[in-house]
Amino acid sequence: MRQIRTDLAMEQTGARDLPGVTISSWEAGDIVITEVRIDTGEGAKLLNKAPGVYVTLECAPLRKQGPELRIAMASLLGEELLRLMPPEDDRPVLVIGLGNRSVTPDSLGPKTVERTLVTRHIFRELPDSVDDRMSPVCAVAPGVLGVTGIETLEVAHGIVREVNPRVVIVIDALTARASSRVGSTVQLTDTGIQPGSGVGNHRSALTDETLGVKVLALGVPTVIYAATIARDALSMLSEDDGTREEELDHLCEKLFEGALGEMIVTPREIDDLVGDVAQILASGINQALHPGLSEKEILTMMS
């Protein structure tokens with residue numbers, strides 16, 4: 001049986017009709033938006049995903065096009081984020097950037113937090129200076145267990161207890177099945193996240209149940225398994241030599257069993273890629289949480 005290693009719900013479905021799973025897709029210019037809605041336990045088991053909504057924004061030319069396409073991506077992300085957020089009240093929004101800022105493919109979370117407009121301190125200390133278009137926002141990049149000795153869930157628990165946010169937005173790097181989706185696809189879900197799941201380093205999940213508050217998760221694939229690339233290469237070769245699908249699946253299983261199965265690959269331009277997608281995520285978050293503020297105003301406030 002073919003194995004798929006991916007964090008993207010849309011890739012898990014394989015464009016199939018599955019019981020308990022509803023898939024819809026539409027286009028906005030060069031951006032394709034796909035919504036996978038898992039409604040039942042059966043659907044969750046088939047996809048190995050928690051029940052909920054998974055929205056994917058995919059734009060193949062994103063890594064090669066100019067800033068206009070990245071601005072459009074951020075705007076659509078802001079709209080989809082607003083759609084999944086709970087009703088607004090006086091409580092702040094907590095943004096958590098997961099990952100290791102010293103490891104470039106894993107630094108998406110911290111880099112996004114750096115670009116997010118935080119305002120909770122202004123609401124608390126200078127309430128007369130608050131713009132009506134702003135919401136109270138706080139953010140943290142808690143680091144990783146190997147550096148801090150503290151589980152991310154432990155850090156999040158303490159902050160949630162003190163801050164009492166209305167929603168937590170978690171950002172993390174993901175893994176993809178298709179190399180074309182690395183750096184060009186954003187997944188948004190209302191099911192929370194299990195840090196490190198895409199690379200086999202499972203940590204405690206950050207979800208509504210574990211934190212006691214609504215948790216939304218944002219991510220972009222920054223890596224892909226080498227065995228997945230090898231499998232695709234074998235598939236292309238099979239078109240010429242007539243290798244059967246069953247034989248390819250057997251070879252794929254062998255690849256996953258060996259050292260190649262655990263090797264993770266990232267693009268050579270990963271530094272620029274992570275910086276660009278971190279800006280897209282931060283811009284989408286800023287637009288959703290501070291409606292009405294222009295990008296220029298946000299940058300001025302952060303400078």
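In this structure, the side chain of Thr6 does not engage the main chain of Glu11 through any donor-acceptor pair within 3.5 Å. Side-chain atoms of Ser135 come within 3.5 Å of backbone N or O of Leu289 as a donor-acceptor pair. With Glu125 contributing its side chain and Ile122 its backbone, the two residues share no donor-acceptor pair below 3.5 Å.
To the nearest 0.5 Å, atom CD1 of residue Ile96 and atom OG1 of residue Thr116 are 12.0 Å apart. To the nearest 0.5 angstrom, Glu114 atom CD is 9.0 Å from Met302 atom CE. In this structure, CD in Gln12 is found 9.5 Å from OH in Tyr54, a value given to the nearest 0.5 Å. Atom CD of Glu209 sits about 9.5 Å away from atom OG1 of Thr191, to the nearest 0.5 Å. Ser107 OG to Leu98 CG: the interatomic distance, rounded to the nearest 0.5 Å, is 12.5 Å.
Residues Ser204 and Leu153 approach most closely at CB-CD2, 3.6 Å, considering heavy atoms. Among all heavy-atom pairs drawn from Pro142 and Val155, the shortest one is CB-CG1, 3.8 Å. Among all heavy-atom pairs drawn from Ala156 and Leu211, the shortest one is CB-CD2, 3.8 Å. For the residue pair Val274 and Pro105, the shortest heavy atom distance occurs at CG2-CA, 4.5 Å. Minimum heavy-atom separation, Ala176 to Val182: CB-CG2, 4.4 Å. When all heavy atoms are compared, the tightest approach of Val113 to Val140 is CG2-O, 3.8 Å.
Annotation: side chain of Val32 is not in contact with side chain of Cys59 (no heavy-atom distance under 4.5 Å). You'll find the side chain of Leu84 stays beyond 4.5 Å of the side chain of Thr189, heavy atoms only. When side chains are defined from C-beta on, Arg177 does not count as touching Tyr225, because their heavy atoms never get closer than 4.5 Å. A heavy-atom distance below 4.5 Å is found between the side chains of Leu216 and Leu81. Met134 is listed as a side-chain neighbour of His290, based on a closest heavy-atom distance under 4.5 Å. Contact check for Val186 versus Thr56: no side-chain heavy atoms found under the 4.5 Å cut-off. You'll find the side chain of Leu293 reaches within 4.5 Å of the side chain of Met301, heavy atoms only. Residues Ser283 and Glu295 have side chains in contact (heavy-atom distance under 4.5 Å, counting atoms from C-beta outward).
Cluster membership for Ile171 and Leu76, using ILVMFWY side-chain heavy atoms within less than 4.5 angstrom, is shared.
The side-chain contact (heavy atoms from CB on, under 4.5 Å) test with Arg120 is passed by exactly one of Val93, Val163, Leu94, Val137: Val163.
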**OP:** For side-chain hydrogen bond (donor to acceptor under 3.5 Å, both in side chains), just list the numbers for Thr34 and Glu58, CA-CA rounded to whole Å, side-chain angles, deciding distance to a tenth of an Å, and then say yes or no.
**Re:** CA-CA 8 Å; Thr34 302; Glu58 183 179 7; 5.5 Å; no

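Side-chain contact check for Glu297 and Thr300: no donor-acceptor pair (N or O, by modelled atom type) lies under 3.5 Å.
A salt bridge links Glu80 to Arg83: one of the charged nitrogens lies within less than 4.0 Å of a carboxylate oxygen.
Contacts of Asp276 classified as side-chain contact (heavy atoms from CB on, under 4.5 Å), with partners at least two apart in sequence or in another chain: Arg70.
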